[in-house]
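Chain letters run A, B, ... following the sequence lines, proteins first and then strands; every chain starts at 1.
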Amino acid sequence: MLSIKDLQVNIGDKSILKGISLDINPGEVHAIMGPNGSGKSTLSHVLAGKDGYTITGGSIEIEGQDLAEMAPEKRAREGLFLAFQYPVEIPGVSNIYLLKAALNAVRLHKGLSEVDALDFLTLVKEKIKLLGMDEKFLYRSVNQGFSGGEKKRNEILQMAIMEPKMCILDETDSGLDIDALQIVAAGVNSLRSESRSFLMITHYQRLLDYIVPDVVHVLSDGQIVKTGGPELALELEQKGYGWIGQEA
Amino acid sequence: MASAVSSLEKYVEEYDEIKSTLPGQELDWLVQLRRQGLDQFSTQGFPTIRNEDWRYTNVTPLIKKSFQSVVVKPSIAVMPEQMHDYYVPDCWQVVIVDGHFSKTLSKLDGLPEEVVVMALSDALIKCPDKVKRYLGQAVENEDHGFIHYNTAWFSEGLFVWIPQQVKMKQPLQLVHVVTQENVATATRNLIVAEAGAEGMVIESYFGSQAQAYLTSSISEVFIAENAHLTLYKLQNEASKALHCSGIYSRQEKHSSFNYLDFSFGGLMARNELHVNVGFAAACDLNGLFVGRGRQHIDNHTSIEHLQPRGSSRELFKGILDGRARGVFQGCVKVFEDAQKIDSEMHNHNLLLSDNAEIDTKPQLIIYADDVKCAHGVTVGQLDDASIFYLQSRAVSEEDAKDMLTFAFANEMVEKIKVSGFKSYILALLLQRFPQGSIEKEWL
Ligand SMILES: Nc1ncnc2c1ncn2[C@@H]1O[C@H](COP(=O)(O)OP(=O)(O)OP(=O)(O)O)[C@@H](O)[C@H]1O
Ligand SMILES: [Mg+2]
């Protein structure tokens with residue numbers, strides 16, 4: 001699904017990602033953990049196509065297609081989705097309008113017709129229920145004035161509507177209360193399938209209790225310094241990150 | 001400035017030729033008023049950038065074209081089908097084509113009998129005394145070339161008189177259309193809401209395609225005690241037109257004035273708005289101007305509080321693309337005895353290109369001590385993080401920009417209380433920002 005080879009990224013002159021390689025197969029869930037400032041969000045932004053980063057080496061591909069040359073919207077239409085660590089507030093654009101525009105853009109890209117207004121409403125109401133959100137959020141401006149947890153849920157709502165095949169979740173668990181974490185995890189789990197892959201960035205084992213990963217990576221100073229199974233997350237929770245460098 | 005002078009002479013010379021065709025020739029007071037206007041205009045001409053109030057807006061190059069008064073041109077018949085695009089649904093309509101009232105194109109069926117709505121030329125015949133009470137009153141202290149020109153030259157206008165306690169159920173739309181090239185039209189509108197009356201008027205200005213012409217329009221608005229008037233204005237002139245308008249309102253105690261201005265068309269537009277707020281009266285003034293190409297849109301507003309306890313709210317938003325230039329000049333003046341004034345003035349601008357420009361100049365002049373006055377101005381561009389966020393949700397960059405621009409404009413659209421006019425404005429905005437639509441169909 002997603003194949004990253006020796007990816008090197010600069011912000012200005014500063015090297016942030018220093019050769020990352022990662023292969024995610026269809027249906028797999030990978031987790032990335034790592035200290036603050038290690039480059040996790042940078043990786044997610046580069047994958048989504050945000051400006052301001054220079055790829056100085058390596059490659060990123062989704063299902064064999066080169067991502068680096070693709071406009072962000074094209075990536076999204078091809079099925080790559082990023083749930084942001086810090087979702088942006090967009091005053092004046094209603095949530096439901098963005099959901100519809102997003103879904104239609106994806107559908108048109110797949111050669112489907114625009115969604116019927118009634119079908120859309122039914123779909124949205126089903127998904128919003130799944131995420132335990134109030135319908136009022138649909139008619140508010142995108143993320144404007146949402147609490148931290150509400151923003152995170154809203155990201156997952158968008159994901160549930162767009163049905164991407166490669167989902168990147170950047171600290172979706174941060175800011176969620178315990179109940180919300182379970183609801184969001186259940187929402188994510190309901191989307192798990194053999195053809196859909198996940199890359200979850202998190203600091204906490206807790207999320208991984210609910211969404212059990214196949215592979216866990218540790219990112220430190222722009223490099224993947226360790227890769228293991230779900231037990232690696234537990235170990236990190238107990239011991240922190242310090243031991244990894246020493247072990248190597 | 002030899003050329004300006006010679007073009008002024010042309011305008012003045014023309015006057016002899018047209019004056020006998022102007023309405024109200026048999027009314028001494030009006031003949032005299034017009035003569036004063038002509039005299040003043042002959043000495044000062046149209047304003048130039050040497051005038052401080054006009055330093056950002058130079059009409060001289062356009063005026064040099066010597067637009068010919070439309071009254072000397074044979075009028076061209078306009079078919080009702082051609083008007084469809086201009087009518088706002090569910091309104092009464094008074095239609096002025098090339099400076100002349102068109103009875104056949106106007107629609108006034110079902111207007112309450114006690115309300116007087118007619119062409120100003122008709123009012124000067126049917127109720128000249130009523131007209132005399134108001135004409136020129138709201139601009140008597142104003143002194144600039146366009147007003148004097150308008151007073152001397154006006155060939156037509158809208159006359160609205162809503163008697164005491166009468167509430168108009170439906171809005172009245174003035175449809176002002178220019179169909180000819182290189183003409184000058186001058187219209188004077190009088191809108192009167194007597195004590196306790198309520199009314200809603202939409203002034204709309206249109207032209208055909210790319211024609212160059214001058215629209216000069218002055219509206220005098222009188223809002224008596226406890227009366228409530230809503231006035232919307234749409235300026236969607238042809239792309240080479242010069243639009244110079246002024247709205248002058250006088251508000252008496254406990255009255256309210258809601259004003260909403262949409263300025264989209266023309267090559268150069270000067271929209272003046274002068275409001276005089278009475279005791280415990282309230283005004284809410286809003287505007288949206290959208291320019292592109294080489295359009296120039298100047299909004300010149302002033303709010304005067306001469307009496308205590310008044311409140312004023314003003315919000316103008318500008319969206320400028322290409323090499324368009326916008327101007328916002330807003331002055332709030334609170335006189336010595338006008339205590340307990342509550343006033344706010346804001347101007348927010350969105351520049352969509354590096355070559356677009358805005359000059360914004362808010363001004364507070366306060367002589368009273370117990371007042372609450374705030375103002376704020378912003379000039380910005382579309383937010384890159386927002387564009388990227390929308391792109392990450394599969395929306396193209398272009399559509400994302402339209403959506404964000406539309407969202408910026410939508411605040412003003414949301415203020416429209418007449419659903420027909422709201423859809424009308426939305427449709428115009430969608431022509432400019434096609435992907436911006438913030439659909440409401442499923443709400
Ligand atoms: N615009 C920028 N200019 C310079 N350095 C930057 C810029 N943006 C990010 N960085 C740096 O890049 C590094 C990686 O940041 P990134 O946001 O990817 O970290 P992270 O692993 O997501 O951290 P956290 O766990 O706190 O979210 C940090 O040292 C950060 O300061
Ligand atoms: Mg981060």
Side-chain angles (χ1 to χ4, degrees), chain A residues 44-45 47-52 70-84 86-110 116-122 124-125 138-139 141-144 155 158-159 161-162 164 168, chain B residues 286 288 290 315-319 346 348-350 352 376 378 380-416 422-423 425-426 429-430 432-443:
Chain A
S44 73
H45 289 156
L47 290 173
K50 193 174 177 180
D51 265 354
M70 254 187 233
E73 60 267 33
K74 179 86 192 305
R75 302 177 195 209
R77 290 169 193 175
E78 289 288 343
L80 182 127
F81 182 91
L82 169 60
F84 288 83
Y86 302 110
V88 180
E89 299 195 3
I90 307 193
V93 175
S94 78
N95 224 0
I96 192 163
Y97 178 67
L98 175 56
L99 289 171
K100 195 181 179 204
L103 177 60
N104 278 334
V106 169
R107 286 178 63 95
L108 290 177
H109 188 67
K110 286 182 182 159
D116 169 79
L118 209 64
D119 293 347
F120 174 69
L121 203 56
T122 315
V124 168
K125 290 196 168 165
L138 291 174
Y139 307 106
S141 291
V142 177
N143 294 326
Q144 196 186 20
E155 296 288 287
Q158 293 170 350
M159 186 171 94
I161 297 288
M162 291 173 76
I168 304 165
Chain B
N286 300 281
L288 174 68
V290 182
L315 171 62
F316 270 67
K317 279 187 154 188
I319 300 173
H346 297 278
H348 301 302
N349 303 289
L350 180 59
L352 297 176
T378 60
Q381 284 149 8
L382 290 176
D383 174 40
D384 287 337
S386 302
I387 295 171
F388 173 65
Y389 186 81
L390 294 174
Q391 284 180 282
S392 79
R393 298 308 178 241
V395 177
S396 74
E397 183 178 352
E398 207 177 318
D399 292 0
K401 287 180 176 173
D402 276 2
M403 274 165 83
L404 295 170
T405 307
F406 205 93
F408 179 83
N410 199 44
E411 181 185 1
M412 308 316 284
V413 179
E414 286 301 318
K415 289 180 187 280
I416 304 175
K422 194 170 184 169
S423 356
I425 295 294
L426 276 175
L429 282 173
L430 276 181
R432 286 273 175 115
F433 313 107
Q435 297 310 319
S437 130
I438 292 175
E439 291 164 75
K440 284 286 157 66
E441 60 194 78
W442 53 72
L443 300 194

Asker: So, taking the atom named CG in A:Asp51 and the one named CD1 in B:Ile387, what distance separates them when rounded to the nearest 0.5 Å?
Answerer: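 So the CG of A:Asp51 and the CD1 of B:Ile387 are separated by 9.5 Å.
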Asker: If every non-hydrogen atom of B:Ala394 is compared with every non-hydrogen atom of A:Ala105, which pair is closest and at what distance?
Answerer: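 Distance-wise, the nearest heavy atoms are O-CB, 3.2 Å.
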Asker: Taking all non-hydrogen atoms of both residues into account, name the closest pair between B:Ala407 and A:Pro91 and its distance.
Answerer: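 Distance-wise, the nearest heavy atoms are CB-O, 3.6 Å.
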Asker: Taking atom CD of B:Gln391 and atom CZ of A:Arg75, what is their separation to the nearest 0.5 Å?
Answerer: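 Here the rounded value is 10.0 Å.
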Asker: Measure distances from A:Pro164 to the heavy atoms of chain B and classify the residue's part below 4.5 Å as side chain, backbone, both or neither.
Answerer: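 No part of it gets close to chain B.
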Asker: Anything under 30° is parallel, anything over 60° is perpendicular, the rest tilted; go ahead and classify B:Tyr389 against A:Phe84.
Answerer: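 Tilted: the ring planes of B:Tyr389 and A:Phe84 meet at 30° to 60°.
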Asker: Is the closest side-chain heavy-atom distance between A:His45 and B:Ser392 below 4.5 Å?
Answerer: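 They are not in side-chain contact.
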Asker: Between the side chains of B:Glu397 and A:Lys74, is the shortest nitrogen-to-carboxylate-oxygen separation below 4.0 Å, so that they form an ion pair?
Answerer: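 The answer is no: the pair does not qualify as a salt bridge.
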Asker: To the nearest 0.5 Å, what is the distance between CE (A:Met159) and CZ (B:Arg393)?
Answerer: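 A:Met159 atom CE to B:Arg393 atom CZ measures 10.0 Å (nearest 0.5 Å).
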Asker: Which atom pair, heavy atoms only, marks the closest approach of B:Val395 to A:Glu73?
Answerer: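 Answer, listing the atom of B:Val395 first, then A:Glu73: O-CB, 3.3 Å.
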Asker: B:Ala409, B:Ala400, B:Ser386: which one forms the most heavy-atom pairs within less than 4.5 Å of chain A?
Answerer: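 Of B:Ala409, B:Ala400, B:Ser386, B:Ser386 has the most heavy-atom pairs under 4.5 Å with chain A.
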Asker: Taking NZ in B:Lys401 as the centre, count heavy atoms belonging to other residues, nucleotides or ligands within less than 6.0 Å. Is the count above 12?
Answerer: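 For B:Lys401, atom NZ is not crowded (no more than 12 foreign heavy atoms under 6.0 Å).
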Asker: Within a 6.0 Å radius of atom CG on B:Asp383, are there more than 12 heavy atoms belonging to other residues, nucleotides or ligands?
Answerer: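 Count over threshold, so yes.
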Asker: Which answer fits A:Glu78, side chain, backbone, both or neither, if we ask what part of it has an atom under 4.5 Å from a heavy atom of chain B?
Answerer: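 No part of it gets close to chain B.
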Asker: Do you know which two heavy atoms are closest between A:Pro72 and B:Phe388, and how far apart they sit?
Answerer: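 That closest heavy-atom pairing would be CB-CE1, 3.9 Å.
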Asker: State, with a plain yes or no, whether a side-chain heavy atom of B:Leu390 is found less than 4.5 Å away from one of A:Ile90.
Answerer: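 Sidechains of A:Ile90 and B:Leu390: in contact.
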